[in-house]
Amino acid sequence: MPSNGSVSDAPITQFINCRILKEHTLQREDLWVRDGRILDPEKLFFDEQGYADRQLDCGGAILAPGFIDVQLNGGYGVDFSTPSEDPGAGVAFVAKKILEHGVTSFCPTLVTSPPSVYHKVLQRFSFFTARCEFQSGGVHGAGVLGVHLEGPFISLEKKGAHPEQFLRTFGGSGGVNPLLEVYGGLDNVSMVTLAPELAGSQSVVEELSQRGVTVSLGHSVANLSQAEEAVQQGASFITHLFNAMLPFHHRDPGIVGLLTSNRIPAGRSVFYGMIADGIHTNPAALRIAHRAHPAGLVLVTDAIMAMGLPPGRHTLGQQVIEIQGLHAYVAGTTTLSGSIATMDMCVRHFQQASGCSVPEALEAASLHPAQLLGISHQKGSLEYGCDADLVLMDDQMVLEATYISGVEVWRK
Amino acid sequence: MKLIILEQYDQVSEWAAKYVRNKILLFNPGPERYFTLGLPTGGTPLGCYKKLIEFYKNGEVSFQYVKTFNMDEYVGLPRDHPESYHSFMWNNFFKYIDIRAENVHILDGNAADLPSECQAFEKKIQDAGGIELFVGGIGPDGHIAFNEPGSSLVSRTRVKTLAMDTIQANARFFDGDLSKVPTMALTVGVGTVMEAKEVMILITGGHKAFALYKAIEEGVNHMWTVSAFQQHPQTLFVCDEDATLELRVKTVKYFKGMMHVHNKLVDPLPGSLKKN
């Protein structure tokens with residue numbers, strides 16, 4: 001049927017019989033979509049005298065904003081940090097697969113690597129994202145919101161699984177020059193995780209923030225005042241809270257103390273990433289963080305290439321990994337080789353472990369990461385004008401379908 | 001006149017909604033034959049709208065071939081202001097039903113030329129063939145639409161300055177700030193409503209008991225504009241027990257004695273529930 005609007009001729013879809021996540025609650029409302037964006041139906045009705053071209057019955061399910069994962073290292077056997085003939089193809093493959101976890105956009109994450117890898121991979125990413133500010137999602141896969149570079153400007157003591165020989169310091173040149181040198185450029189980079197205690201970090205944090213790159217604190221031994229100073233320079237995120245940082249101490253709470261710091265500049269908020277897979281963060285620690293600062297909690301999977309693979313032994317690059325249940329071990333040992341959590345699983349686990357409401361759990365995977373990246377006018381909520389990136393789920397938050405720009409891209 | 005006395009607000013809402021439903025079904029509207037319905041805003045009709053939405057969702061009634069005309073709208077209030085009557089109708093009724101926007105008529109309180117907007121509204125009613133059923137509520141001072149006490153009983157759609165009582169009563173919707181309450185409105189006239197084939201007025205609550213008494217037990221009086229409907233050939237007043245407090249026992253008993261007859265008006269129509 002031809003459409004009817006005076007503003008646009010694009011067809012209008014009306015999701016009916018659903019509970020939509022809006023204003024922090026689940027509301028029994030219809031959701032209207034045109035041109036891939038959420039439409040104000042009252043304006044359509046009175047200004048355009050328009051109506052929906054088709055109605056989509058959601059059968060009473062929950063309709064929420066699509067999930068945003070700001071820290072994903074790979075999956076399904078693909079490691080974004082391993083140079084390959086065509087890194088773009090690996091990202092595209094994973095981007096398509098994670099639609100079934102409700103992820104509609106994400107930040108491919110590179111762990112500490114030598115400059116040659118950054119140059120090569122980022123160059124390919126830049127090719128991949130060249131068309132616009134970020135690669136928009138669709139049937140082909142989740143959208144790419146720029147790359148998250150985790151390292152190499154991090155602490156030796158808290159390097160975690162990052163290869164020691166490639167760690168760097170900022171040196172004496174000041175500003176982002178050392179980063180440009182190592183990374184080969186900052187185009188298509190949306191986030192950098194660094195250790196604020198490294199000499200020269202102030203001007204780096206400041207300049208990155210000015211360039212619109214989100215600065216995250218992590219893999220660091222910073223004390224609270226160093227962390228607060230970085231926030232005052234523009235840092236706004238904490239990479240996988242509790243992991244790879246000093247443990248909370250009551251006389252110097254370290255980076256964890258940012259959650260309740262009173263030295264955060266007015267009007268700003270600190271967000272923090274949480275791997276809520278029930279393995280990497282004890283549920284009690286999850287609850288402490290959530291209760292201290294619920295509005296800053298951002299669910300991340302931090303998943304590695306073993307995510308999405310079936311149980312059993314897998315040879316991934318130089319490593320042999322054994323997957324048992326939700327654990328991925330270095331084969332033959334009990335050493336965790338990284339997270340294999342999926343985003344929908346993290347949302348469910350977070351809700352159960354924290355006892356928070358369904359809307360709160362959903363917002364930790366949508367609204368909060370969008371606010372962190374400064375794109376909440378566009379993603380992460382169902383406000384009028386936002387992209388119609390959606391997940392359809394039952395009351396237990398088990399996914400039924402995923403939509404990007406109003407188009408169904410996955411269904412169970 | 002018929003006076004329908006029911007126990008409480010919920011029963012009033014349900015009775016009125018069933019009456020509207022039956023009227024639409026009996027009219028048997030179609031593409032060449034629209035049912036024309038006059039509609040009020042405010043707290044009183046809210047329950048009736050809820051019931052009508054329920055009937056629509058159950059497949060008992062459709063608004064596809066219904067044209068609606070609203071009684072009034074504030075002057076100068078942005079259309080998308082939450083207290084505008086456009087917003088009220090959208091949020092409480094239209095967004096839930098299958099009515100088409102082109103069949104909805106609400107006065108535009110932001111029109112450049114308000115008198116011609118009013119004239120155009122009258123013309124639209126005429127062009128639609130007049131109104132089959134006008135549903136209304138009243139204020140405690142007996143006003144219908146914004147026809148405040150002293151309004152002409154043959155008035156037409158026009159700009160009206162609101163009475164101080166009304167402005168004060170409405171302040172609760174505007175953060176309790178009198179200066180934010182619009183002081184003017186566009187409203188259909190008493191004469192406009194009088195021309196409807198049928199008029200149904202909902203009155204609930206003890207605070208409206210005196211107005212109901214003035215409406216039906218005393219004479220026609222422009223200080224209680226709703227009393228004009230004594231001269232309308234087909235008027236129903238639907239009220240709850242509390243609203244009858246100022247009526248004579250004799251009046252109440254007489255009309256209660258006829259409830260078994262009047263209730264037949266809202267019985268499900270044969271076959272109408274079998275749809276879907």
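Every chain is numbered from 1, with letters handed out A, B, ... down the list of sequences.
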Practice task
Quick one: list whatever passes salt bridge (charged side-chain N to carboxylate O under 4.0 Å, His left out) with A:D389, sequence neighbours left out.
Solution key: A:K379
Practice task
Please list all pairs passing the ring-ring contact (aromatic ring centres under 6.0 Å, His included) test where one or both residues lie in residues 106-126 of chain B, with sequence neighbours left out.
Solution key: B:F69-B:F121
Problem - Residues in salt bridge (charged side-chain N to carboxylate O under 4.0 Å, His left out) contact with A:R291, at least two apart in sequence or another chain - result: none
Let me see the donor-acceptor pairs closer than 3.5 Å between chain A and chain B, or none if nothing turns up.
residue: A:E29; atom: OE1; partner: B:K95; partner atom: NZ; Å: 2.9
residue: A:E29; atom: OE2; partner: B:K95; partner atom: NZ; Å: 3.0
residue: A:E42; atom: OE2; partner: B:S87; partner atom: OG; Å: 3.3
residue: A:D47; atom: OD1; partner: B:R79; partner atom: NH1; Å: 2.3
residue: A:D47; atom: OD2; partner: B:R79; partner atom: NH1; Å: 3.3

Fill in the blank from the handout: Minimal heavy-atom distance between B:I99 and A:F45, with the atoms involved, is O-CE1, 3.8 Å
